[in-house]
Amino acid sequence: MARIGSARGALALLPLCAAVAVAAPTIEMESDVRRVGLDDTFQVQISVSEAPEGAELVLPQPKDAQVLGRSESTALSVGTGRTLQMTRSYTLTMKPLRVGKLTIPPAVLKSPTGTIKTESISLDVVAGRLAPAAPRAQPRGFPDPFQMFGGFGRQNDPFEQQPIGPNDVFLRATVDKTDVYPGEQITYTVSVYAAVEVTSVDGMKAPRLDGFTTADLKTPSPITSEPQVFRGRQYQVYLLRSRALFALRPGTYTIAPTELDIAAGGFFGGQKLSRTSNPLTLNVRQLPKGEDSTLVGKWTMSRTIASHQVAVGEPTQVTVKVEGQGNSLNIKVPPLNAPAPLKVYEAGAKDASTVRGSVLTSTRTAEYTVVPQQTGSFALPALRLAYFNPESGSWESTAVPAEQLTVVPAASAAPVAPSAVGGVAAASKNQLTAANPAPPRHAASFAAIGDQPIAPPLIWVAAGAPVALSLVALGFIAVRRRTPQASSAQRLRDARKAIANLRDPTLAPTEFYGQLESVVVAFLSAHAKRPLQGLTRPEIMTALTAAKVEPAACTRVHATLERCEVERFAPGLSSPAGRESLLNDALAVMEGLG
Amino acid sequence: MIIAMAVAVLVGQYTQAEAQSLFAEANTAHASGDYATAQARLEKLVASGMGGADVLYNLGTAYLNQGQLGPAALYLERAKRAGGGRDIDFNLSLVRDRQGDSVIGAANATPFTQRLAEATDERTVTVAAVLTWWGAFAFWWAWRAVRRYRGALLAGTILAFTAAFVLAVAAINAGWVRSHVVEAIVMVPDVKVFDLPQALGKASFEMHAGLKVRVMESTNGFTRIRLPNAVEGWATSAALTIL
């Protein structure tokens with residue numbers, strides 16, 4: 001039985017299935033016998049060709065027979081023009097359960113395009129075992145060539161199988177280079193080399209490619225062959241697949257062999273062969289230091305700006321495109337780094353790949369929407385992208401120069417409706433925002449680092465000065481008050497104050513003259529520096545003389561005191577004018593004494 | 001004079017003219033977008049001791065334009081302490097906007113004295129205190145000497161002394177906070193903060209460049225920091241620069 005390929009192998013064959021499924025699907029069911037004994041087993045084979053994707057096969061489940069086993073196989077058969085056709089076959093081994101007519105119901109193929117089914121098969125079941133077995137019906141398409149030659153000995157069979165050696169048909173895996181850098185393309189191909197006729201291949205088991213990203217370069221459908229001389233021998237080479245591999249990290253990697261079943265030697269006398277390809281070893285080197293980039297290949301970068309002059313608030317599209325030979329996965333498109341007045345909205349990046357010959361060409365396109373917020377001329381800075389070129393063995397770079405974008409005032413100052421750009425209202429006015437740092441100061445006054453705001457001694461001096469000055473002033477005043485001149489002046493001030501109080505017209509005469517005498521005597525006491533209260537007038541005069549008061553002054557004092565006494569005890573002599581003149585006289589006396 | 005010149009050369013001092021020239025070169029570089037050159041020129045001035053609010057502000061702005069939030073915050077804060085200005089406050093607000101941390105609860109946890117000190121300009125308050133002090137004494141002497149308007153003069157004396165007292169308290173507070181409250185700026189892109197002065201176990205939280213923290217104590221290569229919301233922890237001293 002042909003080996004069933006792995007899921008990967010099956011996946012690898014499905015494209016062929018889809019690619020060649022241009023004809024209508026067919027389903028056939030046939031039994032190897034028409035008459036079977038109750039103790040015998042028989043086989044029913046269902047073959048499905050050109051099944052479209054999503055098709056579902058419903059196998060027959062007869063009531064009067066038991067299904068003992070089931071097997072599947074897939075075959076690629078070579079048709080006319082050396083095209084390949086995929087046929088999937090299911091073989092059910094059954095045993096009848098009763099004698100009589102046995103009906104095998106049809107097999108049904110359900111597909112998105114419709115449902116097709118086979119005819120049912122009728123068998124006759126007899127008791128016991130049928131021996132010898134009735135001639136088995138030959139599967140259609142494979143007539144027994146020996147039937148035509150009754151009695152013709154096998155030893156003289158002209159179609160006897162010729163042995164097919166390992167060098168007649170083999171599977172070969174190749175890479176275009178074994179010493180690479182991470183991200184550098186390796187072209188990996190798997191081909192069948194056949195020196196004899198190949199009728200079909202199936203059961204392909206492809207190896208795992210861990211550590212690599214891959215991309216299909218070529219998966220021929222239909223598979224064609226080319227003549228090629230290999231090691232001095234002519235072969236027909238069938239290319240099964242070609243893939244681009246890109247190593248992810250440095251290291252040594254081994255690609256395991258591919259396994260395949262090949263039917264070779266022609267339709268008559270053909271053989272089923274299992275072949276395994278050669279393993280491959282790859283050495284992935286470390287990228288040399290020099291740039292902060294992991295991009296490998298040969299790349300060019302370009303930038304297009306939809307419009308170099310726009311109105312404020314009006315969006316413009318900027319596209320940055322990186323294309324070249326290599327894997328787009330490692331492309332990091334440099335950011336625009338537009339100045340702050342230009343709001344940049346990223347619309348995303350698109351990748352595209354094409355195959356040119358055996359080289360994978362990739363493109364990454366990053367699109368931006370730029371909405372200027374202020375009028376003026378702004379520079380979109382230059383961009384640079386570094387990559388390692390394996391051909392030259394050195395780091396290279398691709399760059400785009402800086403470009404100017406001129407922003408003019410909008411024709412209408414009214415803000416426009418929120419645009420499709422992230423829902424942000426694209427105001428058409430020159431927006432003067434406080435988003436940027438304040439500008440530097442144009443002039444400087446220098447100060448030593450660490451200076452305190454105001455030197456403490458200065459603070460103490462400034463704070464203590466008024467206190468000190470006040471204390472000095474108060475002290476001065478106090479001292480001055482103790483000097484004779486200060487005392488005299490103070491006495492005079494006190495006397496004037498007392499005299500002023502006596503000018504009250506409501507004072508009774510007795511009280512007036514009494515107080516006036518007291519004020520004068522008190523003044524004289526202070527002047528003479530001895531108490532004179534209670535002394536007689538002659539005694540007061542004596543004291544004044546002793547205090548070196550001039551005789552004229554003593555006379556005036558005497559006259560004043562006498563007048564106080566007379567008018568005090570003779571109220572009739574008192575009058576307001578008289579009082580006033582007495583007050584003035586007393587004041588003049590005291591001022592005369594100083 | 002020769003000795004003074006020699007000393008100036010040895011300590012890398014610039015004359016006023018040289019300093020102004022260097023400052024102008026930095027501004028020219030800044031205007032053409034060459035912030036790195038502007039930064040280098042200004043750092044020469046600072047290294048030679050020719051600081052002041054203008055130089056520190058321009059240096060902080062050069063760092064800010066280069067996206068280096070740690071040094072930007074450091075020099076702008078120093079400029080604020082050296083004299084302040086609206087442009088300094090504006091750029092500091094930009095640093096805070098762009099800085100990666102949001103300290104929740106900061107306004108309530110900072111002590112009143114510190115908040116008062118931050119809200120007052122020490123120089124202005126000190127000068128005002130001295131002037132009102134002088135004014136109070138003037139009012140008092142006027143009240144003693146002049147016989148008319150004695151009531152108004154007495155009221156003026158009392159008010160002036162009260163104002164001088166309040167302003168003096170504010171100035172003393174600002175001076176005390178300046179000399180006793182040590183603050184630092186996180187200079188590295190990110191730094192882990194631990195519960196103990198050792199890098200063991202899981203970090204309590206992380207801080208990022210440009211954040212201002214208060215320094216409480218230092219030991220074993222670690223500094224105990226306090227955030228404005230009173231959260232504390234230990235960070236590596238090398239990640240911080242004292243203001």
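Chain naming here is simple, since letters A, B, ... match the order of the sequence lines and numbering starts at 1 in each.
A salt bridge is absent between B/Glu25 and B/Lys44: the closest approach of a Lys/Arg side-chain nitrogen to an acidic carboxylate oxygen does not fall below 4.0 angstrom. Look at A/Arg496 and A/Glu591 and you find a salt bridge, because one of the NZ, NE, NH1 or NH2 atoms lies within 4.0 Å of a carboxylate O, short of that distance. We find that B/Lys80 and B/Glu118 are not joined by a salt bridge, their nearest charged nitrogen and carboxylate oxygen being 4.0 Å or further apart.
Nearest heavy-atom pair, B/Thr61 versus A/Pro437, reported as atom, atom and distance to 0.1 Å: CG2-CB, 4.3 Å.
Applying the ring pair (Phe, Tyr, Trp, His ring centres under 6.0 Å) test to every pair with at least one member in residues 60-87 of chain B, sequence neighbours left out, gives these pairs: B/Tyr63-B/Tyr75.
Both the backbone and the side chain of B/Ala19 come within contact range of chain A, each with at least one heavy atom under 4.5 Å from a heavy atom of that chain. Contact annotation for B/Asn27: only side-chain heavy atoms (C-beta onward) come within less than 4.5 Å of a heavy atom of chain A. Looking at B/Arg78, neither its backbone nor its side chain comes within 4.5 Å of chain A, counting heavy atoms on both sides. For B/Ala53, the parts lying near chain A are the backbone and the side chain together; criterion is any non-hydrogen pair under 4.5 Å. Both the backbone and the side chain of A/Ala473 come within less than 4.5 Å of a heavy atom of chain B. Contacts of B/Leu131 with chain A are absent, with no heavy-atom separation under 4.5 Å from either backbone or side chain.
Applying a 4.5 Å heavy-atom cutoff, the residues of residues 461-468 of chain A that approach chain B are A/Ala462, A/Ala463, A/Ala465, A/Pro466, A/Val467.
Within 6.0 Å of CD on A/Glu346 lie no more than 12 heavy atoms contributed by other residues, nucleotides or ligands.
Ring geometry, B/Phe137 versus B/Trp140: the interplanar angle exceeds 60°, so the pair is classed perpendicular (tilted spans 30 to 60°).
With respect to chain A, the highest number of heavy-atom pairs below 4.5 Å among B/Asp121, B/Asn91, B/Leu64 belongs to B/Asn91.
Ring centers of B/Tyr149 and B/Trp143: at least 6.0 Å apart, outside the cut-off.
For B/Ser32 and B/Asp34, the side-chain atoms include no donor-acceptor pair closer than 3.5 Å.
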